[in-house]
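See below for the structure under consideration.
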Amino acid sequence: MPAWLDLVVRVLIVIIVIFVAPLVIGQTEHKVMAHMQGRLGPMYAGAYHGWAQLVADAAKFIQKEDITPRAADRPVFKIAPVISMLPYMIVVLVIPLGPGGLVAQKLDIGLFFVLAVFGLGVIAVLMASWASANKFALMGGLRAAAQLLGYELPFVLAAASVAMAAGTLSLSGIVEAWRPWWLIWQLPALVVFFLAGLAEIRRTPFDMPIADSELVAGYLVEYTGLRYAFFMLAEYAGIFVISALTTVLFLGGWKGPFGLDTELGWLWTLIKIACVSFVVLWVRIAYPRLREDQLQRLCWLGLVPAALAQLVLTAGVKLAL
Amino acid sequence: MTVADVLLITIGAVVLGSALLVVTTRHLVRAGLWLIVTLIGVAAAYLVLTAEMVAWVQILLYLGAVVVLLLFAVMLTRAPIGVSDDLNRPRWPGALVGLGAAGALGALLVNAYRWEKVELPEAGTAERIGEQVFQSWVLPFELVGLLLLAALIGAIVLSQPGDDSVSGRKK
Amino acid sequence: MGCENQSRMVGHMAGLPNVVGEPIRFVLNWGRRYSLWVFNFGLACCAIEFIAASTGRHDFIRLGVIPFAHGPRQADLMIVSGTVTDKMAPALKRLYDQMAEPKYVISFGSCANCGGPYWDAYSVTKGVDQIIPVDVFVPGCPPRPEALLHAIMKLQDKIAGEPAGFGGTNRSDPAVLMAEPVPAPAPVAAPAPVV
Amino acid sequence: MKGIGLAKGLAVTFKTMTRRSTTQQYPDVDPELPPRSRGVIAHIEENCTVCLLCARECPDWAITIESHKEEVIVPGAARARQRNVLDEFNIDFALCMYCGICVEVCPFGALHWSPEFEYAEYDLRDLVHSRDRLREWVMTVPPPPAHDRNGAGAKEEVVAEKALAAAAASAPSQVDACPNDGSGRI
């Protein structure tokens, strides 16, 4: 296969993944949430158990009127939803599915790349919130920025811990170096990374930037139709990315208990991603939203010290071995 | 002209253009947004020069933290949509300082390298940066660390709720 | 605050249904039919029945009525449940105008239909259809949650039969829709002076 | 312990997920309506004497009745009798507030609650239902529910039972005292 064809195929696969995975997660969320609340969820869109609910949503969103508020900053308002998707698309490029280069783009400092690009999602939020010319949107954007500035720290520190343990910044390298006992050794980092990741993608219980009972819809308040759909897609793509990163960094990626790692590694990765995504949905249904001060408190008094202690522990164990 | 040259020139044009927009646009927040384009361009230039690590650090710190903080501050204080007429930007002194600094830097670089061909070093991986920082440049690195620590402690001391009569707050 | 809609798609999209074929019309209508993000304009006791319809026993999400819409901008269906007072009416109209086409309205309960028990009160709007176009009326005081489910299915049938794909259907102004214009009183001849 | 509550939250939601959902799938399965649920008002014309009590008692003036009088000539009678004939009986369900006063006041049992709930309409004017529709709904009126076995009985029964018990208790001494209130007055 020529190099350019290879590249095109890989990029195509990534685009398909980034558009299909959020739909799957969204549909799962509908069903999981419904059954956790003793309901059934969508049943009529699509013949079997409402499987096409999100397809119907998409078909509707393209028909919706495209509204731009008169006071809005039009170009910024219109470009923000597209930018919200970009970081997640780029991150998916470097997440390894299986051993032996089952990855769209190999990168030696993949971890650094992921952390750098992941933080850019908030810029789209800031653009959307400011350009909407709406006070609720602006408040949502400010909350998002404050949240991101806080949670970026434990997020990076927890990732640094596992990178230090593996002795590499390559995502594939981290999976190669991973051993089952790391589940215990890196457990605090896993928890910190997962929680900070939830906060970074503004997912319940850290969804204060949206907080529909306080801020109507935060930065989404003026968006309709396809632009709104893009933001929703970005949110669910964020779940996929955070689950994939947790899987690759802390749960051993393609390593399974039965030894078929080279053949079925991608399957293990997908199963683990699905499980972590399920936990993300589960947490949303079980817990209410934190208050803004509780959010900052949890970050600075809980997650940051925990991440620092984990760093010290990792360094200690690494030196002792 | 190699591909890298073309890329560098293109990126340079983008960076220059967006940087000019940062200082000339009359939309306050859009200046911050153009700054993002500028910084991404600079990161892209680093990438072309195979300094991968520096490029991503640039994105992580400058875009993920500094610009976000900047936009945050602008939005928190005042964020008019549309043209701000009361921007106090002395045009000629600004242009003079900017052009002067650019000229001086350019002269310095031209003087240093003339038209020498410089082979690109190997890709700037994490390992190489680590070696450089912790071997050749360990003293400055430690000094910077000390400085940051001092700044951190200072910030904590300043943010302490001090004299009740001054701040008007009860502990 | 920007709440007036600057760009309306309806105008140039209105000619489209003549171009698109029947299968495409069907798919577009199917999407609108099963994705009714609902915006609950809960004003009184009927809102409780609306909430009951969203809970486990009745669960209108089965029908694609999804209560995730944060505000009017994202909603497709507004359910006015409760007494609309004349003071609330402008807010109701404003929120309806903020919704993006295509949009639908269900008037839920007697108060929203025509004032209900407050039919003679000075402060109550006698029917929400006087200010916004209503697609389905549900009688009841309050109606049962099942009645809401039935109304939603009725609305879905209506959507499935709509001709237009993009931009919603053309609706007449509610005043035109509902009431015959009151004719001007016939000129009365001046009474003959009493002698 | 602080984390117990958090774990409980997860456990409860997970447990609920593994159980059967409680949803009644309405369009596919007929819903179980509670007894005496108020859907629409059915009208049995044969029982109606056009006394207008319902129309007058209705707080919303939702009922409109039109009728005329007919003369019935009874052979052998001194003069012809008169009888009301119902022309129109409309209930505006858009206005009806479901208080049930009309059903209560009807002395002849012509009005009944029916649990029918599928009556949403596209047009407000279609919510005024006339004789034919009201008669159709008679078929859906359920039989009156049985008395609650554990509830209080009808007033007449309770009083009678009490009287019997009191009579049995006081039978040997006071035969002539009123069993009802014991005041001695009859």
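Below, chains carry the letters A, B, ... as their sequence lines are ordered, and counting in each starts from 1.
Taking the six-membered ring for Trp and thresholds of 30 and 60 degrees, H129(D) and W137(D) have ring planes more than 60 degrees apart, a perpendicular arrangement.
For T13(D) (side chain) and L10(D) (main-chain N/O), a donor-acceptor pair under 3.5 Å exists by modelled atom type.
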*Output, in order, the C-alpha distance, side-chain angles, deciding distance and verdict of side-chain hydrogen bond (donor to acceptor under 3.5 Å, both in side chains) for D86(C) and T125(C).*
CA-CA 5 Å; D86(C) 285 350; T125(C) 306; 2.7 Å; yes
*Between F39(C) and Y96(C), does a side-chain contact (heavy atoms from CB on, under 4.5 Å) hold up when you go through it step by step?*
CA-CA 10 Å; F39(C) 172 51; Y96(C) 174 77; over 6 Å; no
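Inspection of non-hydrogen atoms places A147(C), L149(C), H150(C), A151(C), M153(C), K154(C) of residues 147-156 of chain C under 4.5 Å from chain D.
Both the backbone and the side chain of T22(D) come within contact range of chain C, each with at least one heavy atom under 4.5 Å from a heavy atom of that chain. Neither the backbone nor the side chain of E116(D) comes within contact range of chain C; no heavy atom of the residue lies under 4.5 Å from a heavy atom of that chain. Of the two parts of L127(D), only the side chain, counted from C-beta on, holds a non-hydrogen atom closer than 4.5 Å to a non-hydrogen atom of chain C.
Partners of R62(C) under the salt bridge (Lys or Arg N to Asp or Glu O under 4.0 Å) rule, at least two apart in sequence or in another chain, do not exist in this structure.
In this structure the side chain of S81(C) never reaches within 4.5 angstrom of the side chain of E49(C), judged on heavy atoms.
A salt bridge links D157(C) with R33(C): at least one charged nitrogen is closer than 4.0 Å to a carboxylate oxygen.
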